[in-house]
Chemist: 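One structure coming up, written as structure tokens, with questions to follow.
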Amino acid sequence: MSHDAAVITGVGAVTAAGCGIARLAEVLATSQVIRTEVDRSAGYHRAGSARTAVTARHVDTSEWLSPLAGRRMSVGSRYAVSAARMAVESAAVEPDTLSRASITTGTAYGAAEVTEKLLRQILLDGPEAASPALFTESVANAPAAQVAILMGVKGPNVTITQRQASPLLALAEGAAMVTTGRAPVGLVGAVDELNPLLHSVLDRFGALVRPDQDGCEVARPFDAHRRGLLAGDGAAFLVLEDGTAARRRGAEILCRVVTCGRGFDPDAPRAGWGRDPSALAETLSRHLHAAGITAEQIDLIVASGCGSPSADRIEALVLKSVFKDHPLPPLLAPKSVTGDHGGGFLAASVLAACGSPFGATPGFDEPDPELGVVPHQGGELPAPRLTLITSFAAGGSVAWAVLERPEE
Amino acid sequence: MEKNELRGQLKTLIIESLNLQGMTPDMIADETPLFGEGMGLDSVDALELAVAIEKKFGIRIADEAAAREAFASIASLSAFVEHRLGQEQARSE
Amino acid sequence: MTDRPRVVVTGIGAVSAWGWTSGDLQRGLRTGQSAISELTLFDSSAQRTHLAAQVPPPPDTRPDSIAASRHLSRADRFAVAAASEAFAQADLSPSMNPVGVFFGGSTGGMWECEEYVARLLGVRAGRPGIAWLASQQINCPGDAVARQLRLTGPTLTISSACASGTLAVGAALDAIRRGEIDVAIAGGSDALCVLTYSGFNALRSVDPEPCRPFRADRVGLSLGEGAGVLVLETLRSAQSRGAKPLAELLGWGASCDAHHMTAPHPEGEGAARAIAAALSDAELQPDEIGFVNAHGTGTPLNDISECKALHRVFGPRASGIPITANKASVGHQLGCSGAVEAVATVLALVQREVQPTAGSGEVDGEIDLDVVLEHPRSIPPGSIGVSVSFAFGGACAAVIVADWTIGARS
């Protein structure tokens, strides 16, 4: 039995901008970076370290999840359940179909805050002080499990932990669940929770952008003077379903998942990115070719560009290599607004593919001559038909997707 | 400790350790079943409560069966804690 | 679905408390003994229990191999050892690229991370050097395999608690069937750590003695660690290069109980659906299953709900299908348990015998299953087995593996 391509019929998000995809669209259109000071009172952070993150911690999700229902949940689980409910409501998925849906989520760092709390209990007060409830939330699949329990979703339940590639890997697996008939609907999510310890560790590894002499912390994707990324958290959920079934029930189709591709760079160091783009470029070119897509047909790129010197470099070189004879189409770097990790990138990618407006890329001033990539400078973007989304994980895993806007 | 004071402390302990947001002690009747029908707490809550009781009162609940009986309601929990605290006191005298 | 390529297993590798190879695993499982003994990796005196199925020191203690692996976490080392064994057995090389790596795990380098946090909190002397954290992430073992073997295909780690390894095998199988790749490494790795040990004890799920799956007096699980890896390949690829299949993967299925974060559905509802989905994917009838590699943790709740699930799927015949619980021997290896059990299932098919469930004591009268005890049980050529895994959070997964004898399945 063959199935039609998967289409996206609903999106939900909990980001620093608030609850819902409309709030995120607003901040992307106005290039508003909502940063919050990270609590330093535990003493994990060194002097001069990064101070802020694009976190959804302050967002009130009680409209989507009552505090009582979420009482034992981690922050990540609360984000995920809220975003999933939003997505399912916006897609108007029927209860019977929802009960057979699959859930595939991606998380870069899993239950970071819960893990810290548990370790503190165990190391400072002994194993007997370990909280049973916290332990149940310490598994990376806790958000996916909570979505399943609260929403009665009983299909396959898979959580992927592959750093920055997690959202698009979850999309690939979720789309496959639908196209192979394992589930009538796939809920695809990306979720992360940020806590001071994780923030301080990312800073210790030199990943985060640190304040300059004026105290500014700005991620500068593809910029000549980029010095690190902004951490973020939150969650996004997509509803995927079979295209034919979606049309039959009159669902609004946001876009179609044309193809997903994945690969690995064995030269990447454990927590970093490789230097030589040729193997990855060859992999991406081969995938596009196999999907019957030529470089000229790509109208828009949503890049993973986050401000990391080496991550942005390899991504830029891979893209330049794949597009070799053609100028790059307009390129967006939404992590300049959403921060890295959480659901912002996944949600922003879908918004971009649907023609949502984007403002100028915050933090970008001067192109890096080695890369020659200039992310969107503001102004109107041509409505895309095909959007290429790319993600490059620390450690070498890569994932991409091509989304297609339906014809009017 | 006076009985009502202990029951009040236990109600506060339950609300805090189980993160029962929006609840106040006066919302928990002394005889309401804590688990299953009633307040609807589950096995993980029971374990969590045992850890909280150990931390606050120094009482270890080693026996699962004793725990189930003790945790039936605030009244039974209060009697259990009172009894164990009395034993501790007798031992130290 | 009948135009999908056939997928076979051409190499296996495993690390467990029995040792650093799949041969050690098989020898250990056959004996019907338990490898669960005193935990020595860290001080367990303040813990409720003190046992684990801990991996022994590696046999290879040459200075150059120690140096090469000094930056790897224990979970990384288990993964690389198991993957290298499987890769070599399958006679693979990077020329076969793109080869995918689909891994399952739950803790990654958490034990090493605990060293960092202990120093950071001042509980242990020494500087909190970030080198302790370099392999902390759950994806690090799978990445270490891809890096070590120079692989360039899809590389991802699934972390859905105790179902991770089985889900990874399933994801690899589907990727090959879709034509994304011809060859994949599928498996998982997990290592003991204080967090997990304390956590399961906080839930009072751990048996103070070696666990006794399906026995009347079972009280809980035993923790273990290790890695399991299978090389999956299209039959055509294997035949074209003269690689000998060990077994064939016929299908897999997954579901979610959507019931409770730690307790399984009391009637085994989600588990039954996962097994049924696997049968449907494999285009098999329940009658065709010849043995079961159980999840069998030894907790009072799991084993009875697993029994009910099997009866739901197989009907009255469930009482007579040989079933084994590897966790009685090698403990609960968490995220990689499904991968190690898949390896054990392949071994059962190759050796034509289901390994016994370690331990002693009567089987629970409520558990109406044919638990293989004391000695291996012979199975005929052409047998088909199902390996099942059920996780925290209710994720359930099952994979069906068949005997490979030329002409056994046409």
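So that the names make sense, note that chain A is the first sequence line, chain B the second, and so on, each numbered from 1.
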Chemist: What distance do A:Asn141 atom CG and C:Cys256 atom SG have between them, rounded to the nearest 0.5 Å?
Modeler: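 If I round to the nearest 0.5 Å, the distance is 8.5 Å.
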
Chemist: A side-chain contact here means heavy atoms from C-beta on lying under 4.5 Å apart; do A:Arg72 and C:Met261 qualify?
Modeler: no

Chemist: For side chain to side chain contact (heavy atoms under 4.5 Å, CB included), just list the numbers for C:Arg150 and A:Asp267, CA-CA rounded to whole Å, side-chain angles, deciding distance to a tenth of an Å, and then say yes or no.
Modeler: CA-CA 8 Å; C:Arg150 314 282 310 151; A:Asp267 291 318; 3.0 Å; yes

Chemist: Under a 4.5 Å cutoff for heavy-atom pairs, which residue among A:Leu280, A:Leu124, A:Thr283, A:Asp265 has the most contacts with chain C?
Modeler: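 Answer, by heavy-atom pair count under 4.5 Å with chain C: A:Leu124.
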
Chemist: Side chain from CB out, backbone as N, CA, C, O: work out which of these in C:Leu133 comes under 4.5 Å of a heavy atom of chain A, or both, or neither.
Modeler: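 Both parts, heavy atoms under 4.5 Å.
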
Chemist: Check each atom of C:Glu180 against the heavy atoms of chain A and say whether the ones under 4.5 Å are side chain, backbone, both or neither.
Modeler: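 Just its side chain gets close to chain A.
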
Chemist: Where does C:Ser106 contact chain A at under 4.5 Å (heavy atoms): side chain, backbone, both or neither?
Modeler: neither

Chemist: Heavy-atom distances under 4.5 Å only: say whether A:Ala142 touches chain C with side chain, backbone, both or neither.
Modeler: both

Chemist: Under 4.5 Å heavy-atom distance to chain C, tell me which part of A:Ala108 shows up: side chain, backbone, both or neither.
Modeler: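 A:Ala108 touches chain C through backbone heavy atoms alone.
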
Chemist: Determine, step by step, whether A:Phe264 and C:Val101 satisfy the side chain to side chain contact (heavy atoms under 4.5 Å, CB included) criterion, reporting the C-alpha distance in whole Å, the side-chain angles of both residues, the deciding distance to 0.1 Å, and the verdict.
Modeler: CA-CA 9 Å; A:Phe264 188 77; C:Val101 176; over 6 Å; no

Chemist: Take a 6.0 Å sphere around CZ of A:Arg46 and say whether it holds more than 12 heavy atoms from other residues, nucleotides or ligands.
Modeler: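 Not more than 12 within 6.0 Å, no.
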
Chemist: Do C:Leu121 and A:Leu119 make a side-chain contact, defined as non-hydrogen atoms from C-beta onward lying under 4.5 Å apart?
Modeler: no

Chemist: Does a side-chain heavy-atom distance below 4.5 Å link C:Ile181 with A:Arg262?
Modeler: no

Chemist: Among C:Pro94, C:Pro128, C:Ala277, C:Ser198, which residue forms the greatest number of heavy-atom pairs with chain A at distances under 4.5 Å?
Modeler: C:Ser198

Chemist: Please answer whether the main-chain N or O of A:Gly396 pairs with a side-chain N or O of C:Arg147 as donor and acceptor at a distance below 3.5 Å.
Modeler: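 Such a contact is absent between C:Arg147 side chain and A:Gly396 backbone.
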
Chemist: For chain A, which candidate among C:Pro98, C:Ala171, C:Gly108, C:Ser135 shows the most heavy-atom pairs at distances under 4.5 Å?
Modeler: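 Going by pairs under 4.5 Å, I would pick C:Ser135.
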
Chemist: Is there a side-chain contact between A:Val201 and C:Ile130 (heavy atoms, below 4.5 Å)?
Modeler: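 Side chain of A:Val201 against side chain of C:Ile130, heavy atoms only: no contact under 4.5 Å found.
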
Chemist: Examine whether an atom of C:Ser164 lies under 4.5 Å from a heavy atom of chain A, and if so say whether it belongs to the side chain, the backbone or both; otherwise answer neither.
Modeler: neither

Chemist: Any side-chain heavy atom of A:Ile122 within less than 4.5 Å of one from C:Glu114?
Modeler: no

Chemist: Taking all heavy atoms of C:Gly253 and all of A:Arg182, pick out the closest pair and write down the distance.
Modeler: CA-NH1, 4.0 Å

Chemist: Rounded at 0.5 Å granularity, tell me how far OH in C:Tyr116 sits from CZ in A:Arg204.
Modeler: 4.5 Å

Chemist: Can you name the nearest heavy-atom pair linking A:Tyr44 to C:Leu120, along with the distance?
Modeler: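 Answer, listing the atom of A:Tyr44 first, then C:Leu120: CD2-CD2, 3.4 Å.
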
Chemist: With respect to chain C, which residue among A:Gln146, A:Glu116, A:His287 yields the maximal number of heavy-atom pairs within a distance under 4.5 Å?
Modeler: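 Highest number of pairs under 4.5 Å: A:Gln146.
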
Chemist: Is it the side chain or the backbone of C:Ala118 that comes within 4.5 Å of chain A heavy atoms, both, or neither?
Modeler: both

Chemist: Counting N and O atoms only, with roles assigned by atom type, does the side chain of C:Ser160 sit under 3.5 Å from a partner on the main chain of A:Thr159, one being a donor and the other an acceptor?
Modeler: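 Such a contact is found between C:Ser160 side chain and A:Thr159 backbone.
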
Chemist: Any chance you could measure A:Thr180, atom OG1, to C:Asp281, atom CG, to the nearest 0.5 Å?
Modeler: 8.0 Å

Chemist: Report which part of C:Asn97 has an atom under 4.5 Å of a heavy atom belonging to chain A: side chain, backbone, both, or neither.
Modeler: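 Neither the backbone nor the side chain of C:Asn97 comes within 4.5 Å of chain A.
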
Chemist: Answer with side chain, backbone, both or neither: which region of A:Val139 has an atom nearer than 4.5 Å to a non-hydrogen atom of chain C?
Modeler: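 For A:Val139, side-chain heavy atoms alone lie under 4.5 Å from chain C.
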
Chemist: Please flag which part of C:Glu269 lies under 4.5 Å from any non-hydrogen atom of chain A: side chain, backbone, both or neither.
Modeler: side chain

Chemist: Nearest 0.5 Å, what's the CD-CD distance between C:Gln137 and A:Gln162?
Modeler: 10.0 Å

Chemist: Between the main-chain N or O of A:Ser397 and the side-chain N or O of C:Thr155, is there a donor-acceptor pair closer than 3.5 Å?
Modeler: no

Chemist: Roughly how far, to the nearest 0.5 Å, is the CG atom of C:Leu195 from the CG atom of A:Leu123?
Modeler: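 Result: 9.0 Å between the selected atoms.
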
Chemist: Identify which part of A:Arg286 has an atom lying under 4.5 Å from any heavy atom of chain C, answering side chain, backbone, both or neither.
Modeler: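 A:Arg286 touches chain C through side-chain heavy atoms alone.
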
Chemist: Is it the side chain or the backbone of C:Asp174 that comes within 4.5 Å of chain A heavy atoms, both, or neither?
Modeler: side chain

Chemist: Measuring heavy-atom distances to chain A, does C:Tyr197 have an atom under 4.5 Å in its side chain, in its backbone, in both, or in neither?
Modeler: neither

Chemist: Looking at A:Thr105, A:Val147, A:Val158, which has the largest count of heavy-atom pairs under 4.5 Å with chain C?
Modeler: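 When all of A:Thr105, A:Val147, A:Val158 are compared, A:Val158 has the most.
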
Chemist: Taking C:Ala161, C:Ala395, C:Gly104 one by one, which has the highest count of heavy-atom pairs under 4.5 Å against chain A?
Modeler: C:Ala161

Chemist: Quick check: closest heavy atoms across C:Ala258 and A:Ala148, and the distance to 0.1 Å?
Modeler: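 Distance-wise, the nearest heavy atoms are CB-O, 3.4 Å.
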
Chemist: Side chain from CB out, backbone as N, CA, C, O: work out which of these in C:Leu156 comes under 4.5 Å of a heavy atom of chain A, or both, or neither.
Modeler: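 Both backbone and side chain.
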
Chemist: Using non-hydrogen atoms and a 4.5 Å limit, figure out which bit of A:Ala268 sits close to chain C: side chain, backbone, both or neither.
Modeler: backbone

Chemist: Let me know if A:Met177 has heavy atoms under 4.5 Å from chain C in its side chain, its backbone, both or neither.
Modeler: side chain

Chemist: Between C:Ala202, C:Cys113, C:Gly142, which shows the greatest number of heavy-atom pairs under 4.5 Å with chain A?
Modeler: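 Ranked by contacts with chain A, first place is C:Ala202.
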
Chemist: Which bit of C:Val117 is near chain A, if near means a heavy-atom gap under 4.5 Å: side chain, backbone, both or neither?
Modeler: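 Answer is both: backbone and side chain atoms of C:Val117 are under 4.5 Å from chain A.
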
Chemist: Does any backbone or side-chain atom of A:Leu150 lie under 4.5 Å from a heavy atom of chain C? Answer side chain, backbone, both or neither.
Modeler: neither

Chemist: Rounded at 0.5 Å granularity, tell me how far CD1 in C:Ile138 sits from CZ in A:Arg163.
Modeler: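 The CD1 atom of C:Ile138 sits 11.0 Å away from the CZ atom of A:Arg163.
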
